[in-house]
Amino acid sequence: MKEKIAFEIEQALQRAFKKGELPSSDFPYPEIEVPKIASHGDFSTNIAMVIASSQRISPQNIARIIIENIKDSDGLFSRVEVAGPGFINFFINDSWWFSVLREIHEQGPAFGISKQKKRKKVQVEFVSANPTGPLHVGHGRCAALGDSLAAILDATGYEVQKEYYINDSGRQIHTLGLSVLLRYKELFGKKIDFPDDCYQGDYIIVLAKKLAQREKRRYLEMPEEDAIPLCAKFAAREILSGIREDLELFGVSFDQWFHEQGLFDSGAVDETISELRRRKLVYEHDGALWFRSTAFGDEKDRVIVRSNGETTYFASDIAYHRHKLKRNFDQIINIWGADHHGYVSRIQASIEALGYPRDRVRVVLVQLVNLLRNGRPAAMSTRAGEFITLREIIDEVGKDAARFLLLMHHSDSPLDFDLEAAKQQNNNNPVYYVQYVHARISSIMRKAKEQGISTEDLVETPHDDVLTQPEEMQLIKCMARYPDMLAQSALLMEPHRVPFYLMELASLFHAYYNKHRVLTGDAELSRARLYLVSAVRKIIRNGLQLIGVSAPEVM
RNA sequence: GCGCCCAUAGCUCAGUGGAAAGAGCGCCGGACUACGAAUCCGUAGGUCGCAGGUUCAAAUCCUGCUGGGCGCACCA
């Protein structure tokens, strides 16, 4: 619809220029927006004000000239007017709005889904938590965001690949192995000294018990340097499979699980260092190898090989991104916790160093989650290793509520997640407000069937002169915005727009429901209204699907 | 000290350079003998942190300041 209006304006501008009514043919693409106030029309444009200075004509006069030159051969507009400082407001004929309704029914789940043929390849990497402990609510926020962003990108015409990067090598995995080994020894009555920098959580003891059951006393006789890697491997695999289970319960899936260790095994890390060497972007200093990231805007150079010969985490991360870049994605999106923001400039420096445009990789930073219970901070002591896991949250408040609430806010703002509030099944909880729409409409559909009203052939029902209530037009106009909302959400990488939109549509529906009956004594009216509300149900279902929330028929 | 993010109604938060800044919660008052009251209707509530600047137009862009979160390793 916006494109169509923009096209009409462009045509009008050209016509006016040819007739000599406008002196310059330098026209930017007309921005079309939906005004906040209904009396300002269904759509409006500021084009007259934008070009006023280059045309040397007052905005109001330009607006008048444009309006006079609009042909509107399709009869789209019922009224076009100049308003305020030079806005052009468009009022759309009702029959065009009804065509939106028809589209929703014909396209079903595909409504608002971009049909472009050339699908750009996008990769979204998210969660990527180290397999050294269970997921917590912060990971949950990243998981909800990444999964939904991927779904939204898919819906707007991208080919999306979802990936989880597993840091299964390096020091922390060694520490994990040591932690488990010590707890294992403890189980056999050995006196141990458990260091502060080992993983403190009880889950380590659980793993040690499992290990003891499986291996008996075997690791006791082994030298530590042999036992630690074995313990580490065992523990990492166990933890990772727990992470996968949790994510599955959370409705989050990945196309690929990428192991850091593979980058070493395949020689990719060495190759990457060689390439940087070839490009003369590394140098030795104090026995270490440094990447000259300051050449690409980083604030200081970074070590990639330590003086003891070990590569840093950064080295394998560059190798990982090099690997991603070679997989030919048009866009690579990393979703990181905000505590990693200091990492962004150095990773982008490495992208440029490898000869790619730095914006090939975009990083979405997700601010932290404050977990609360009745407004008070919930136990969250990482030092003692005692924290509420994502799994516990899913068990307590449910997947749907957790996902909706974690996704509701802009990723830039920190989020308070209150367990008690999330559990409430009332009007404090927006997820049920939206789901209730779906259940209500489903209930109406069941009722209609009971009354012998067919809900199958609604498409054929004429409705233009039957759906005359203002609330009905509001619902249709709101639904017509769905594709645009999706596009915005994808462009700005902001999934929170989806739940907000759904709450708005839900609100319009509930108001309509309370004011008007769908099933009336008038069969034709009933069928027309069923046609309307079943379209609402489709949009609600589509939207909920994008954010991984179920659309229940009964609640 | 340096860097990134945030600051909008009592609270939690939306807001695409546009017209008069919005919603939910909370407060108060109301609505079911009809499709599900997990709903709806109504009232009140604002120096958009402060000060400059850009622009025909700024909550939105730029600069400075104040307050808060996070980060500044040959850790990951």
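Each chain gets a letter, A, B and so on, in the order its sequence line appears, and its residues count up from 1. All figures in this text were calculated on a predicted structure; none of them were measured in a lab.
- The pair Glu504(A)-Arg497(A) fails the salt-bridge criterion, with no side-chain N (NZ, NE, NH1 or NH2) lying under 4.0 Å from an Asp/Glu carboxylate O.
- In this structure, Asn89(A) reaches the bases: a heavy-atom distance under 4.0 Å links it to at least one base atom across the strands shown.
- Distance check on atom P: rC2(B) versus rC65(B) gives 9 Å, rounded to whole Å.
- Taking 3.5 Å as the limit, the base of rA23(B) and the side chain of Ser507(A) contain no donor-acceptor pair of atoms between them.
- Distance check, rounded to the nearest 0.5 Å: CD1 of Ile444(A) to CD1 of Ile453(A) gives 11.0 Å.
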What verdict does the salt bridge (Lys or Arg N to Asp or Glu O under 4.0 Å) test give for Asp418(A) and Arg373(A), after you've listed the backbone C-alpha separation in whole Å, the side-chain angles of each residue and the deciding distance to 0.1 Å?
CA-CA 5 Å; Asp418(A) 194 302; Arg373(A) 190 179 286 285; over 6 Å; no

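- In summary, Arg529(A) and Glu472(A) engage in a salt bridge, as defined by a charged side-chain N under 4.0 Å from a carboxylate O.
- Residue contacts shown for Ser345(A) are absent, as no nucleic acid heavy atom lies under 4.0 Å away.
- For Asp339(A) and rG71(B), a side-chain-to-base donor-acceptor distance below 3.5 Å is absent, hydrogens and geometry of angles not being considered.
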Mind listing the N/O atom pairs, protein and nucleotides 73-76 of chain B, below 3.5 Å?
| unit_1 | atom_1 | unit_2 | atom_2 | d |
| --- | --- | --- | --- | --- |
| rC74(B) | O2 | Ser307(A) | N | 2.6 |
| rC74(B) | O2 | Ser307(A) | OG | 2.8 |
| rC74(B) | N3 | Ser307(A) | OG | 3.2 |
| rC74(B) | N4 | Asp286(A) | O | 2.7 |
| rC75(B) | OP1 | Arg306(A) | NH1 | 3.3 |
| rC75(B) | OP2 | Arg306(A) | NE | 2.6 |
| rC75(B) | OP2 | Arg306(A) | NH1 | 2.3 |
| rA76(B) | OP2 | Tyr313(A) | N | 3.1 |
| rA76(B) | O3' | Gln172(A) | NE2 | 2.7 |
| rA76(B) | O2' | Asn130(A) | ND2 | 3.2 |
| rA76(B) | O2' | Gln172(A) | OE1 | 2.7 |
| rA76(B) | O2' | Gln172(A) | NE2 | 2.7 |

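- In this structure, the side-chain hydrogen bond (donor to acceptor under 3.5 Å, both in side chains) partners of Ser58(A), at least two apart in sequence or on a different chain, are Asn61(A).
- When heavy atoms are screened at a 4.0 angstrom cut-off, Leu289(A) is found touching no nucleic acid atom at all.
- Remark: the separation of the P atoms in rC27(B) and rG18(B) is 35 Å, to the nearest Å.
- Other residues, nucleotides and ligands contribute over 12 non-hydrogen atoms within 6.0 Å of the CZ atom of Arg446(A).
- Between rC41(B) and rG68(B), the distance separating the two P atoms is 41 Å to the nearest Å.
- Here rU55(B) presents its P atom at 18 Å from CG of Asn46(A), a figure rounded to the nearest Å.
- For Gln451(A), the CD atom is densely surrounded, since the number of other residues' heavy atoms within 6.0 Å is greater than 12.
- Rounded to an integer number of Å, the gap from CG of Leu502(A) to C1' of rA38(B) is 17 Å.
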As a quick check of understanding, evaluate salt bridge (Lys or Arg N to Asp or Glu O under 4.0 Å) for Arg346(A) and Glu299(A), giving each step before the final call.
CA-CA 8 Å; Arg346(A) 84 187 66 163; Glu299(A) 57 188 11; over 6 Å; no

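- By the neighbour-count criterion of 12 heavy atoms within 6.0 Å, atom NZ of Lys233(A) is sparsely surrounded, having that number or fewer from other residues, nucleotides or ligands.
- Partners of Gln424(A) according to the side-chain hydrogen bond (donor to acceptor under 3.5 Å, both in side chains) rule, which considers only residues two or more places apart in sequence or in another chain, are Asn426(A), Asn428(A).
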What's touching nucleotides 27-36 of chain B from the protein side, N or O pairs under 3.5 Å?
| unit_1 | atom_1 | unit_2 | atom_2 | d |
| --- | --- | --- | --- | --- |
| rA34(B) | O2' | Arg517(A) | NH1 | 2.9 |
| rA34(B) | O2' | Arg517(A) | NH2 | 3.4 |
| rC35(B) | O4' | Arg517(A) | NH2 | 3.2 |
| rC35(B) | O2 | Val518(A) | N | 3.3 |
| rC35(B) | O2 | Leu519(A) | N | 3.1 |
| rC35(B) | N3 | Val518(A) | N | 2.9 |
| rC35(B) | N4 | Tyr513(A) | O | 2.8 |
| rC35(B) | N4 | His516(A) | O | 2.6 |
| rG36(B) | OP1 | Ser443(A) | OG | 2.5 |
| rG36(B) | OP2 | Ser443(A) | OG | 3.3 |
| rG36(B) | O2' | Tyr436(A) | OH | 2.6 |
| rG36(B) | O2' | Arg440(A) | NE | 3.0 |
| rG36(B) | N7 | Ser443(A) | OG | 3.2 |
| rG36(B) | O6 | Met555(A) | N | 3.1 |
| rG36(B) | N1 | Met555(A) | O | 3.4 |

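- Between Thr45(A) and Pro59(A), the residue anchored nearer the 5' end of RNA chain B, judged by the nucleotide with its closest heavy atom, is Thr45(A).
- Counting non-hydrogen atoms under 4.0 angstrom, Ala421(A) reaches nothing in the nucleic acid.
- Rounded to the nearest 0.5 Å, atoms OG1 (Thr272(A)) and CD1 (Ile318(A)) are 7.5 Å apart.
- Paired with Ile173(A) under the rule side-chain contact (heavy atoms from CB on, under 4.5 Å), one option of Ile228(A), Thr132(A), Asn167(A), Ile166(A) passes, and it is Thr132(A).
- In this entry the distance linking CH2 of Trp336(A) with C1' of rG71(B) reads 13 Å, nearest Å.
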How does RNA chain B read in dot-bracket, base by base from 5' to 3', with Watson-Crick or G-U pairs under 3.5 Å and | used when the partner is on another strand?
(((((((..((((....[...))))..((((.......))))......(((((..]....))))))))))))....

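- Nucleotides rC25(B) and rU39(B) are separated by 8 Å at their P atoms, to the nearest Å.
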Sequence-aligned protein contact record of nucleotides 3-16 of chain B, with B where the base is within under 4.0 Å of a protein heavy atom and S where only the sugar-phosphate is:
BBSS------SSSS

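- Remark: His174(A) NE2 is loosely packed, at most 12 non-hydrogen atoms of other residues, nucleotides or ligands lying under 6.0 Å away.
- With Tyr501(A) as the aromatic partner, Arg481(A) does not meet the cation-pi criteria of under 6.0 angstrom to the ring centre and within 45 degrees of the ring axis.
- Of all nucleotides listed (rA38(B), rU39(B), rG18(B)), rU39(B) comes nearest to the side chain of Tyr433(A).
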